[in-house]
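We count ligands from 1, going down the list as the structure has it; atoms in each ligand are counted the same way.
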Amino acid sequence: MDYLADERKKAEFDVDEMKIVWAGSRHAFEVSDRISKLVANDPGFRKDTRTMLARKELFKNTLRKAAYAWKRIHDLHLSEEEASRLRFYVDEPAYTDLHWGMFVPAIKGQGTDEQQKKWLPLAYKMQIIGCYAQTELGHGSNVQGLETTATFDPQTDEFVIHSPTLTSSKWWPGGLGKVSTHGVVYARLIINGEEHGIHGFIVQLRSLEDHLPLPGVTVGDIGMKFGNGAYNTMDNGVLRFDHVRIPRNQMLMRVSQVTRDGKYKQSDVPRQLVYGTMVYVRQTIVADASCALSRAVTIATRYSAVRRQFGSQNGGPETQVIDYKTQQNRLFPLLASAYAFKFVGEWLTWLYNDVTQRLQASDFSTLPEAHACTAGLKSLTTTATADGIEECRKLCGGHGYLCSSGLPELFAVYVPACTYEGDNTVLLLQVARFLMKTVSQLGSGKKPLGTISYMGKIEHLMQSRCTVQKAEDWLKPSQVLEAFEARAVKMAVSCAKNLSKFTNPEEGFAELSADLVEAAVAHCQLIVVSKFIDKLQQDIPGKGVKQQLEALCGIYYLYLLHKHQGDFLATSYLTPKQAALANDQLRALYTKVRPNAVALVDSFNYTDHFLGSILGCYDGNVYPKLYDAAWKDPLNDSVVPEGYHEYVRPLLKQQLHTAKL
Ligand SMILES: CCCCCCCCCC/C=C\CCCCCCC/C=C/C(=O)SCCNC(=O)CCNC(=O)[C@H](O)C(C)(C)COP(=O)(O)OP(=O)(O)OC[C@H]1O[C@@H](n2cnc3c(N)ncnc32)[C@H](O)[C@@H]1OP(=O)(O)O
Ligand SMILES: Cc1cc2nc3c(=O)[nH]c(=O)nc-3n(C[C@H](O)[C@H](O)[C@H](O)COP(=O)(O)OP(=O)(O)OC[C@H]3O[C@@H](n4cnc5c(N)ncnc54)[C@H](O)[C@@H]3O)c2cc1C
């Protein structure tokens, strides 16, 4: 029986067409739908006991699944697109993510043609397994502070890789702890006593015969991480080198080269391309944020429609908690954010592909913007998604705290995204640097392009005032964009003015960094809003689909406007009356979306296997499933628990004098 059938009947739009919008295309939908069912129906990919397994068992099970996934990919002749969907629906972090997601891209992006020819075929066949070994015990964010050394030995034509201190131990790389045979290791290049900065080196870590560490290599797992199951399926590792020798041709040499006679040569490619793998992965993390958030929102929305509390009239049913305005005000902006992040993710993938093509044609002009966008959007979307998953847990009340809700594990797996691939604050400071540079160049005749083109309208934006007179005026895209542009430009200019008061710019930057981060957030929110609005300019078929997306877009920007009212008011673009009208419009949009809420999460097309949540199951039959699951918990295997006779019974039977009290 479908307990959510009434909710589904209320939908005012074509859910099948929305599924295609969400997937990105009809083809993408078909692939995704087929692979999700394939995974869901395959007992080899079961994951329902994951949160109860001890680490060793959990890890072995992950190894089994990764090998099984690889076998299925081969047996079924899956394409790269299908294989990547399979990984997504298997839904378990594994060493293979780092192999395919960072090791291979690092060689592709930073290796010469010759190096790619040698290493990529081995990696593609998984005859070697690689990790990305950059972070150390003492330094993660400050890449230039890494201590591992790679010293060129001209006698033998080799680099000597060494960990000179405890803090230089590599620490965190996924896949390193127990599996990787190789790593792209980042180290300070030293030639003839002279330092040349951080470079990547391909280093073999373990024997391909018996998997033992090679001489001079000390390697292991760094230990349990946050949550049950969760990211503990990954072997994040520690690694030390004791004068390990590798041939000279194992330095990744696309950006710079070391010749046989020890000369250091920089090619015309910018040095920052050494950081290129991080740009790539940040872009994939943005594309993935909408998936994690939409998953949590599906659970919270379906459960909010099932759950009833208070408000029974004349013995009738109580109120569905989704009908409380407070619940809507917490849930619907997250639903809207999931869609917003989907569209900004699609756009960022386009930007990344564009910059990659330009780089191949030696056009490096858009690299700074690509860095700022990937860094800023990675920060914005992962922060909002991690906070959003936790909010969804609270939206599900007490039951959200059960592992069987799926939300604790989802949160525990997701939350490190705020830290890895760049701590979110550190990344926003990169965006702030980019903004300050842009503001300082405004008078120079250099026209700001792309996502900062609005800075070119600075004179207009500094003076313009909001013209909204009634709540519906907040539905005009041009009005909304101007509000977000005016806020972003004014916050950036205010920071730039304050910075100019310092004689030492670096000191000023450090002192004003909290304000700079806020300016960066305003800029990134403008990008997300503008990409959502751009999406709505496209032809979107399907009854009512565009109207729902318009409502969600409105909820996204009006919620931001309400939350950051202080910014908008402080920059004098808005009056308090106009801000109140925005809030009126926001409430009206909640009412519009309410009957469509369940159908809007159905549009994500997630299987019950993928959701892994009793509260979020498609049929909404929550209570019997919760009840049954409780009895299946291993603690309920016996009526009297182990330990009762040792520790509880003696207490009950004790004969203390105090017993008289
Ligand atoms: C067929 C089978 C297929 C099977 C398919 C399976 C598919 C599975 C696929 C899975 C896909 C993906 C999964 C990925 C899994 C992800 C798991 C995540 C694991 C985590 C990994 C990590 O965390 S790796 C380590 C990441 N570390 C960081 O991010 C460190 C952060 N720090 C930095 O980035 C830099 O140090 C920082 C930028 C903060 C400062 O650097 P510094 O050198 O000090 O820089 P500045 O002096 O500030 O700047 C110098 C100039 O350089 C510019 N700049 C800085 N960074 C970049 C950059 N990245 N790109 C371009 N430019 C950059 C900066 O703007 C300055 O410019 P200016 O003009 O001089 O001002
Ligand atoms: C689950 C997980 C997987 C990972 N996988 C990998 C991997 O595969 N390979 C790899 O190489 N690394 C990996 N990492 C490491 C990760 O990239 C780093 O942890 C991350 O870049 C943050 O660096 P950090 O730990 O040095 O944090 P820190 O920089 O020490 O941050 C600590 C605090 O200091 C603040 N801070 C730091 N610098 C500044 C500044 N300039 N201004 C203001 N505030 C500042 C931060 O905001 C933060 O609040 C992984 C980490 C995790 C958690």
Side-chain angles (χ1 to χ4, degrees), residues 66 69-70 73-74 78-88 90 93-106 123-126 131-146 170-177 180 183-186 197-198 222 225-226 230-232 234-237 239 270-285 287-288 355 364 366-372 374-375 378-379 412-434 436-437 506 509-510 513-514 516-517:
W70 186 238
I73 288 169
H74 277 275
L78 297 188
S79 65
E80 199 175 324
E81 181 191 14
E82 291 167 325
S84 136
R85 287 283 85 193
L86 184 107
R87 153 63 189 98
F88 175 74
V90 167
Y95 68 90
T96 41
D97 295 354
L98 278 300
H99 175 79
W100 292 106
M102 294 202 79
F103 180 71
V104 167
Y124 286 150
K125 287 184 237 147
M126 294 201 79
C131 64
Y132 185 85
Q134 183 177 295
T135 306
E136 297 174 356
L137 195 51
H139 292 94
S141 298
N142 180 5
V143 179
Q144 292 190 44
L146 298 178
K170 292 292 172 191
W171 191 271
W172 272 118
L176 166 68
S180 298
V184 168
V185 173
Y186 287 82
I198 300 300
I222 59 171
K225 290 150 294 201
F226 184 63
Y231 216 77
N232 289 302
M234 184 70 83
D235 52 331
N236 293 94
L239 168 67
R271 248 204 67 65
Q272 283 90 341
L273 275 200
V274 173
Y275 298 155
T277 312
M278 292 187 278
V279 174
Y280 162 70
V281 180
R282 286 171 194 154
Q283 165 257 315
T284 67
I285 290 173
D288 184 57
V355 77
F364 308 117
T366 56
L367 187 60
E369 193 202 4
H371 166 49
T374 46
K378 182 272 182 186
S379 176
V413 170
Y414 193 78
V415 76
C418 298
T419 305
Y420 60 54
E421 279 318 324
D423 166 83
N424 280 355
T425 300
V426 170
L427 292 185
L428 285 174
L429 289 169
Q430 288 289 306
V431 179
R433 275 190 195 280
F434 174 68
M436 293 306 100
K437 206 168 176 177
E506 281 308 312
F509 197 87
S513 55
L516 284 158
V517 161

Taking both backbone and side-chain atoms of Ser84, is any N or O found less than 3.5 Å from an N or O belonging to ligand 1?
no
Looking at Val143, which atoms of ligand 1 are within less than 4.0 Å of one of its heavy atoms?
30 (C), 32 (N), 33 (C), 35 (C), 36 (O)
Taking all heavy atoms of Lys225 and all of Asn232, pick out the closest pair and write down the distance.
N-OD1, 2.6 Å
Which atom pair, heavy atoms only, marks the closest approach of Leu146 to Lys170?
CD1-NZ, 4.2 Å
Quick test of your reading of the structure: of Gln144, Lys125, Arg87, whose heavy atom lies closest to atom 47 (O) of ligand 1?
Gln144
Is it the side chain (CB and beyond), the backbone, both or neither of Val279 that lies under 4.0 Å from ligand 1, heavy atoms counted?
side chain
Ignoring hydrogens, what is the shortest heavy-atom contact between Ala83 and Ile73? Give both atom names and the distance.
CB-CD1, 3.8 Å
Which segment of Leu427 sits under 4.0 Å of ligand 1 when only heavy atoms are counted:
neither
N/O separation below 3.5 Å, Ile73 to ligand 1
no
Minimum-distance protein heavy atom relative to atom 22 (C) of ligand 1:
Glu421 OE2, 3.2 Å
Yes or no on side-chain contact (heavy atoms from CB on, under 4.5 Å) for Met278 and Tyr132, after CA distance, side-chain angles and deciding distance?
CA-CA 10 Å; Met278 292 187 278; Tyr132 185 85; 3.8 Å; yes
Considering non-hydrogen atoms of the protein only, which is the closest contact for atom 12 (C) of ligand 1, and what is the distance?
Gly101 CA, 3.9 Å
Nearest-contact summary for atom 3 (C) of ligand 1 - protein heavy atom, Å
Ala83 CB, 3.8 Å
Using a 4.0 Å heavy-atom threshold (strictly under), name the region of Trp172 that reaches ligand 1: side chain, backbone, both or neither.
neither
Pro173 to Gln134 - nearest heavy-atom pair and separation
CG-N, 4.3 Å
Check: Gly422 main-chain N/O paired with Lys378 side-chain donor or acceptor under 3.5 Å
yes
At less than 4.0 angstrom from any non-hydrogen atom of Val426, what atoms of ligand 1 do you find?
39 (C)
Check contact between Met102 and ligand 1, using heavy atoms of the residue and a distance below 4.0 angstrom.
yes
Consider every N or O of Thr96 and every N or O of ligand 1, then say whether any pair is closer than 3.5 Å.
no
Residues in the immediate environment of ligand 2 (any heavy atom closer than 4.0 angstrom)
Leu98, Tyr132, Gln134, Thr135, Gly140, Ser141, Trp172, Pro173, Gly174, Tyr231, Asn236, Pro416, Thr419, Tyr420, Glu421, Gly422, Asp423, Thr425, Val426, Leu429
With a 4.5 Å cut-off on side-chain heavy atoms, are Val413 and Pro93 touching?
yes
Distance filter under 4.0 Å to His371 heavy atoms, resulting ligand 1 atoms:
54 (N), 55 (C), 56 (N), 57 (C), 58 (C), 59 (N), 60 (N), 61 (C), 62 (N), 63 (C), 65 (O)
For atom 38 (C) of ligand 1, what's the nearest protein heavy atom and its distance?
Gln430 CD, 3.3 Å
Measure the shortest side-chain to side-chain distance between Tyr186 and Thr277 over non-hydrogen atoms and say whether it is less than 4.5 angstrom.
yes
Taking it one step at a time, do Thr366 and Glu369 satisfy side chain to side chain donor-acceptor pair (under 3.5 Å)?
CA-CA 5 Å; Thr366 56; Glu369 193 202 4; over 6 Å; no
Could you check if a side-chain atom of Trp100 sits within less than 4.5 angstrom of a side-chain atom of Met126, using non-hydrogen atoms only?
yes
Find out whether Arg433 and Phe509 are in side-chain contact, i.e. whether some heavy atom of one side chain is under 4.5 Å from a heavy atom of the other.
yes
Within the structure, is a non-hydrogen atom of Gly174 found at a distance of less than 4.0 Å from ligand 1?
no
Measure from atom 33 (C) of ligand 1 to every heavy atom in Pro93, Gly422, Ser141 and give the option owning the shortest one.
Ser141
Identify the closest protein heavy atom to atom 13 (C) of ligand 1: which residue and atom is it, and at what distance?
Asp97 O, 4.1 Å
Within a strict 4.5 Å, meaning less than it, do heavy atoms of the Tyr420 and Ile285 side chains meet?
yes
To which of Glu369, Gln283, Arg282, Met278 does the heavy atom nearest atom 26 (C) of ligand 1 belong?
Met278
As a test of understanding, state which of Thr425, Leu427, Asn424 forms a side chain to side chain contact (heavy atoms under 4.5 Å, CB included) with Cys418.
Asn424
Which atoms of ligand 1 sit under 4.0 Å from any heavy atom of Gly140?
30 (C)
Where ligand 1 meets Tyr132 - atom numbers and elements under 4.0 angstrom, heavy-atom basis
24 (S)
Beyond-backbone contact of Leu273 with Leu367, side-chain heavy atoms, under 4.5 angstrom:
yes
Taking the side chain as everything from C-beta on, heavy atoms only, tell me whether Val90 gets closer than 4.5 Å to Leu86.
yes
Counting non-hydrogen protein atoms only, what is the nearest one to atom 68 (P) of ligand 1? Give residue, atom name and distance.
Lys437 NZ, 3.5 Å
Any idea which protein heavy atom is nearest atom 50 (C) of ligand 1, and the distance to it?
Gln272 NE2, 4.4 Å
Of all the non-hydrogen atoms in the protein, which one sits nearest to atom 17 (C) of ligand 1, and at what distance?
Tyr231 OH, 4.0 Å
Less than 3.5 Å between some nitrogen or oxygen of Trp70 and one of ligand 1, yes or no?
no
Do His139 and Gln144 have side chains that approach each other closer than 4.5 Å (heavy atoms only, starting at C-beta)?
no
Closest non-hydrogen contact found for Ser379 with Leu428 is OG-CG, 3.3 Å
Go through it in stages, so that I can follow the logic: the residues are Thr374 and Tyr280, the test is side-chain contact (heavy atoms from CB on, under 4.5 Å), and I'd like the CA-CA distance, side-chain angles, deciding distance and then a yes or no.
CA-CA 8 Å; Thr374 46; Tyr280 162 70; over 6 Å; no
